[in-house]
Amino acid sequence: MEETWRWFGPDDTVTLQEIRQAGATGIVTALDNISTGEVWPVADIEERKRLIEDADLTWSVVESVPLHNDVKMRSGEYRRYIENYQQSIRNLGAAGVHRVCYNFMPVVDWTRTDLSYELPNTVQALRFEMTDFAAYDLFVLKRDGAKESYSDDVVARATERFNAMSPEARMALERNIIAGLPGGEGSYDRDSIRSAIEQFSQLGNETYRANLIAFLEEIIPVAEDADVVMAIHPDDPPFSLFGLPRVVSTADDARALLVAVPSPANGLTMCAGSYGARGDNDLVAMIREFHDRIYFVHLRNIKREVDGSFYESDHLDGDNDIIGIVNALLDEEAERRDQPPGRCAIPMRPDHGHTLGAEKSDERVRPGYSYAGRMKGLAELRGVIHALTAMRR
Ligand code: DNO
């Protein structure tokens, strides 16, 4: 597998040299300075690529070219934004960047309630806690119909939790949920998230899925011509938030997209942590089913709790069968051995890591994107890959 690393560009606290020192060879990055919906200019793409190549690394995957909300809703200026997206894809392909990750989550990108959940060994992990999320939705946002989104038990616990929270804790919870996490699609304040939720709540799951398929029908032919593959990232977490639709959470969801637009340019990101947060997703079976349409992999682990809550555990210690997952991916790579160079290896990144050591007190470190935590994850995963590869000889 190709070992990659997410780099947030020249402002990242982790430098390209440090990424090389960690042993990764591929970079996963995006032009986060371009507003969502605007065209990625050739000059900016080339400048980013040059920085990466000057450090003896390769720009393997774009994560993400984000979609404007108008495209997700097919309202407002969506036609202009789709044309812009098509142009960005052409520009990336022309510059030699051939893999694009994106997502179709409504309103909020990946979401957690606690960004410094301390594990017994004192590292900090990311956590999604249903009671906290419901407390925010019910009592801070006061969303219409929020109560119907949760079981009576969760509502009772959320009420108790919220009443016991200090004003500072309530503010921190709100910030964690709506201010936007690294690489996510921007941030909201209370009024703007209310209005975004209100707009998206007009759409049911089937309309939302149809909007995604319509987008794919417009983008995939362009991607084919530009020699780019698109790899949709699953919903994180993989269930409805704020009562909104979710269409990339399960094997059925992924299958529906691949069947609707059967081009090889229409593919998936296998994010083990996102799909794995649902106990009913069998990741090894999904990899075997969707095998040749998987273009990018996020390897991480989670520990699930009964009510949908989970936290991000050590890469090899959690509910995901990482060894089985890597094994299935290596089988798929073996199938790709006759493909042109650059197409055989599947790019994977250690997705998130704990915050530990000196980085715990460095406020500039992005939650989930510490240097040491990801290096630890990468090193563990590299060991798994090497051992499984050796056993195949
Ligand atoms: C979180 C990431 C997400 C992901 C986007 C993909 O760590 O997995 O930011 O990049 O949702 O579009």
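Basis for what follows: all heavy atoms, side chains included, without hydrogens, waters or symmetry-related copies. Both ligands and their constituent atoms are indexed starting at 1 by order of listing. None of these values were measured; they are calculated from a predicted model.
- Considering Glu332, Glu333, Arg382 as possible partners of Met1, the one that fulfils the side chain to side chain contact (heavy atoms under 4.5 Å, CB included) test is Glu333.
- Scanning the protein heavy atoms around atom 4 (C) of ligand 1, the nearest turns out to be Glu63 OE2, 3.2 Å.
- Taking every heavy atom of His298 and a limit of under 4.0 angstrom, the matching atoms of ligand 1 come to 8 (O).
- For ligand 1, the atoms closer than 4.0 angstrom to any heavy atom of Tyr369 are 1 (C), 2 (C), 7 (O).
- Residue-environment remark: CG (Asp280) exceeds the threshold of 12 foreign heavy atoms within 6.0 Å.
- Residues Phe215 and Tyr81 keep their aromatic ring centres 6.0 Å or farther apart.
- The nearest protein atom to atom 3 (C) of ligand 1, hydrogens excluded, is given as Trp110 CD1, 3.5 Å; this is a heavy-atom distance.
- Remark: minimum distance from atom 12 (O) of ligand 1 to any protein heavy atom is reached at Ser64 OG, 2.6 Å.
- Paired with Met348 under the rule side chain to side chain contact (heavy atoms under 4.5 Å, CB included), one option of Val28, Ile385, Ile325, Thr4 passes, and it is Ile385.
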*Could you walk me through whether Arg6 and Asp12 pass the salt bridge (Lys or Arg N to Asp or Glu O under 4.0 Å) test, one step at a time?*
CA-CA 10 Å; Arg6 191 176 204 173; Asp12 199 324; over 6 Å; no
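- When each atom of ligand 1 is checked for a heavy atom of Met105 under 4.0 Å away, the hits are 11 (O).
- Between His352 and Tyr369, the ring centre distance stays below 6.0 Å.
- Atom numbering of ligand 1 starts at 1 in the shown order; those under 4.0 Å from a heavy atom of His352 are 1 (C), 7 (O).
- Using a 4.0 Å cut-off between heavy atoms, Phe104 makes no contact with ligand 1 at all.
- Defined by atom type and a distance below 3.5 Å, a donor-acceptor pair is present between the side-chain atoms of Ser192 and Asp189.
- Among protein heavy atoms, the minimum distance from atom 8 (O) of ligand 1 is reached at His233 NE2, 3.1 Å.
- Judged by distance alone, the side chain of Asn163 and the main-chain N or O of Thr159 form a donor-acceptor pair under 3.5 Å.
- In terms of protein heavy-atom proximity, atom 2 (C) of ligand 1 is closest to Arg6 NH1, 3.5 Å.
- Environment of CZ in Arg364: sparse, with no more than 12 heavy atoms of neighbouring residues, nucleotides or ligands closer than 6.0 Å.
- Contact atoms of ligand 1 toward Asn103: 5 (C), 6 (C), 11 (O), 12 (O) (distance under 4.0 Å to a heavy atom of the residue).
- Looking only at heavy atoms of the protein, atom 11 (O) of ligand 1 is closest to Asp109 OD1, 2.7 Å.
- No side-chain donor from either of Arg20 and Gln17 sits under 3.5 Å from a side-chain acceptor of the other.
- Counting atoms of ligand 1 from 1 in the listed order, those under 4.0 Å from a heavy atom of Tyr102 are 12 (O).
- Near Gly183, meaning under 4.0 Å from one of its heavy atoms, ligand 1 places the atoms 9 (O).
- Residue-level proximity to ligand 1 for Arg112 is absent, since no heavy atom of it falls below 4.0 angstrom.
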